[in-house]
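Quick notes on the structure that follows.
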Amino acid sequence: MPPAPELLTWLLDADPALRWQVERDLVGAPEDVWQATRARVATEGFGARLLAQQDPDGQWAGGAFFPAGFQGDEEGQPWTATTWSLSSLRDWGLDAAALAGTAEKIAANSRWEYEDLPYWDGEVDCCINSWTLANGVWLGADVSGIAQWFVDHRLPDGGWNCEWVEGSTRSSFHSTLNSLKGLLYYETDARTGADVRAARRAGEEYLLERRLLRRLSTGEPVGPWATHFGYPFRWGFSALNALDYFRAAALHDGVGPDPRLADAVAVVRAARRPDGTWLQEGRHPGRVWFEIDVPPGEPSRWLTFYGTRVLDWWDGARPA
């Protein structure tokens with residue numbers, strides 16, 4: 001069922017970072033229309049505000065993953081440092097040309113808080129490496145070493161876990177989804193070998209075997225967070241976040257939806273309100289440059305866009 005006109009009008013009354021995606025993926029606007037809106041991300045709204053916060057040395061908030069001076073004595077993870085800022089700008093569709101020279105500045109000036117490692121070499125956390133992989137491809141940095149890192153560090157059950165350095169041998173829903181996102185972006189925009197594609201497909205299989213929702217060993221729900229929808233997604237797994245990934249992967253691979261996604265689709269569909277919107281259910285706490293979505297309990301344009309896009313894809317790609 002196509003979105004109601006009043007819902008589309010509400011979604012289009014949004015920051016350019018969201019509006020261009022609504023125009024492209026829900027409205028079906030001509031490319032010159034949504035590309036013109038996308039170009040505004042660099043000069044208006046969220047994109048322009050975040051670009052204005054960039055430090056002269058190419059970083060944000062003076063740090064790679066944490067802002068300079070962060071002592072861990074505040075609520076939540078701060079979301080202001082370089083990795084988070086770059087990931088937001090990329091997700092919003094900013095043209096990399098607006099950040100010309102940033103990759104080189106970061107290479108010269110930014111080091112990971114973990115053992116002072118060079119930024120574009122990545123570190124040991126697979127979620128951090130996934131964002132760095134995608135951001136590096138976007139900005140033109142050589143991140144082929146990080147792509148190979150994912151091949152070398154995939155766990156025996158098919159996925160990844162950021163706690164492997166503490167000895168974990170079982171994959172994590174959160175870590176695996178984040179890793180898959182980075183690998184897919186690398187495949188989309190870079191020359192990719194068969195080993196990287198095989199690693200991505202193995203990680204997908206890890207989540208599909210569990211229907212995105214359940215423990216393989218018992219069939220029990222993996223956790224309440226899988227059916228909790230909040231935006232920005234940050235690092236957290238949810239059925240909606242994962243389905244949006246599988247939509248992008250299926251379109252990239254030229255295949256239809258995997259039937260094992262059906263249970264997660266049902267969860268997303270059940271969360272849609274009668275007016276076609278999804279509510280913000282709660283955001284990750286922590287310092288931000290500025291808010292980009294509504295408080296908990298209010299209808300979220302971002303979640304409504306993602307939910308509508310996922311259901312449009314599922315309903316349109318599968319026989320009635």
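Quick caveat: nothing in here was measured; it's all calculated off a predicted structure.
Using a cutoff of 4.0 Å between basic side-chain nitrogens and carboxylate oxygens, R260 and E205 are scored as salt-bridged. Taking the charged nitrogens against the carboxylate oxygens, R309 and D244 do have a contact shorter than 4.0 Å, which makes a salt bridge. Using a 4.0 Å cut-off between charged side-chain N and carboxylate O, D95 and R38 make no salt bridge.
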Quiz item: Does the pair D55 and K105 meet the rule for a salt bridge (charged side-chain N to carboxylate O under 4.0 Å, His left out), with working shown?
Solution: CA-CA 10 Å; D55 300 331; K105 288 182 179 179; over 6 Å; no
Exercise. I would like to know whether R214 and E220 meet salt bridge (charged side-chain N to carboxylate O under 4.0 Å, His left out); could you show each step before the answer?
Key: CA-CA 5 Å; R214 301 188 176 277; E220 294 297 313; 5.9 Å; no
Quiz item: Does the salt bridge (charged side-chain N to carboxylate O under 4.0 Å, His left out) test come out yes or no for D15 and R49, once each step is laid out?
Solution: CA-CA 12 Å; D15 189 274; R49 291 178 68 184; over 6 Å; no
Practice problem: Kindly determine whether Q59 and S85 satisfy side chain to side chain donor-acceptor pair (under 3.5 Å), including the steps that lead there. | Solution: CA-CA 9 Å; Q59 299 188 102; S85 297; over 6 Å; no
Quiz item: Which is it for S171 and N161 under the side chain to side chain donor-acceptor pair (under 3.5 Å) test, yes or no, and what are the steps along the way?
Solution: CA-CA 5 Å; S171 297; N161 192 325; over 6 Å; no
Quiz item: Do E23 and R19 pass the salt bridge (charged side-chain N to carboxylate O under 4.0 Å, His left out) test, and can you show the C-alpha distance, the side-chain angles, and the key distance before you say yes or no?
Solution: CA-CA 6 Å; E23 291 173 340; R19 181 184 172 108; 2.8 Å; yes
Quiz prompt | Worked check of side chain to side chain donor-acceptor pair (under 3.5 Å) between N178 and S130 | solution = CA-CA 6 Å; N178 288 321; S130 71; 5.2 Å; no
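By the 6.0 Å contact criterion, CZ on R170 is open, its count of non-hydrogen atoms from other residues, nucleotides or ligands being 12 or less. Residue-environment remark: CD (E166) exceeds the threshold of 12 foreign heavy atoms within 6.0 Å.
Proximity of L50 to S88: side-chain heavy atoms (C-beta onward) are separated by under 4.5 Å at one or more points. Between L11 and P3, the closest side-chain pair of non-hydrogen atoms is not below 4.5 Å. Using a 4.5 Å cut-off on side-chain heavy atoms (C-beta onward), L133 and F150 make contact.
A parallel orientation is assigned to the rings of F70 and F66, their planes being inclined by less than 30° (bins at 30° and 60°). Aromatic ring pairs are classed by plane angle as parallel below 30°, tilted from 30° to 60° and perpendicular above 60°; the pair W225 and H174 is tilted.
H284 NE2 to Q77 CD: the interatomic distance, rounded to the nearest 0.5 Å, is 10.5 Å.
Aromatic ring centres of W131 and W84 lie closer together than 6.0 Å. Checked against the 6.0 Å centroid criterion, the rings of Y114 and F65 do not qualify as a close aromatic pair. Centroid-to-centroid, the aromatic rings of W278 and F229 stay 6.0 Å apart or farther. H153 has its ring centre no less than 6.0 Å from the ring centre of W160.
With hydrogens and angles left out, the side-chain atoms of Q54 and T102 include a donor and acceptor closer than 3.5 Å.
W149 and D125 get closest at one heavy-atom pair: CH2-C, 4.4 Å. Of all heavy-atom pairs spanning W34 and A29, the tightest one is CD1-O, 3.5 Å. When every heavy atom of D275 is checked against every heavy atom of L7, the shortest pair comes out as O-CD1, 4.0 Å. In terms of heavy atoms, S175 sits closest to C126 at CB-SG, 3.6 Å. Taking both residues in full, the closest heavy atoms of V151 and A199 are given as CG2-CB, 4.3 Å, listed atom of the first, atom of the second, then distance. What you find for T80 and W289 is that their closest heavy atoms are O-NE1, 3.0 Å.
Cation-pi geometry between R90 and Y185 is satisfied (NZ or CZ under 6.0 Å from the ring centre, within 45° of the ring normal).
For N109 (side chain) and D57 (main-chain N/O), a donor-acceptor pair under 3.5 Å exists by modelled atom type. R111 places a side-chain N or O within donor-acceptor distance of the main-chain N or O of D116, the cut-off being under 3.5 Å.
Note on V288 and I292: same hydrophobic cluster, where clusters join Ile, Leu, Val, Met, Phe, Trp and Tyr whose side-chain heavy atoms are under 4.5 Å apart, directly or indirectly. Following chains of ILVMFWY side-chain contacts shorter than 4.5 Å, one cannot reach L279 starting from F305, and the two form parts of different hydrophobic clusters.
Each of W60, Y119, W112 was scored for a side chain to side chain donor-acceptor pair (under 3.5 Å) with T83, with one residue passing: Y119.
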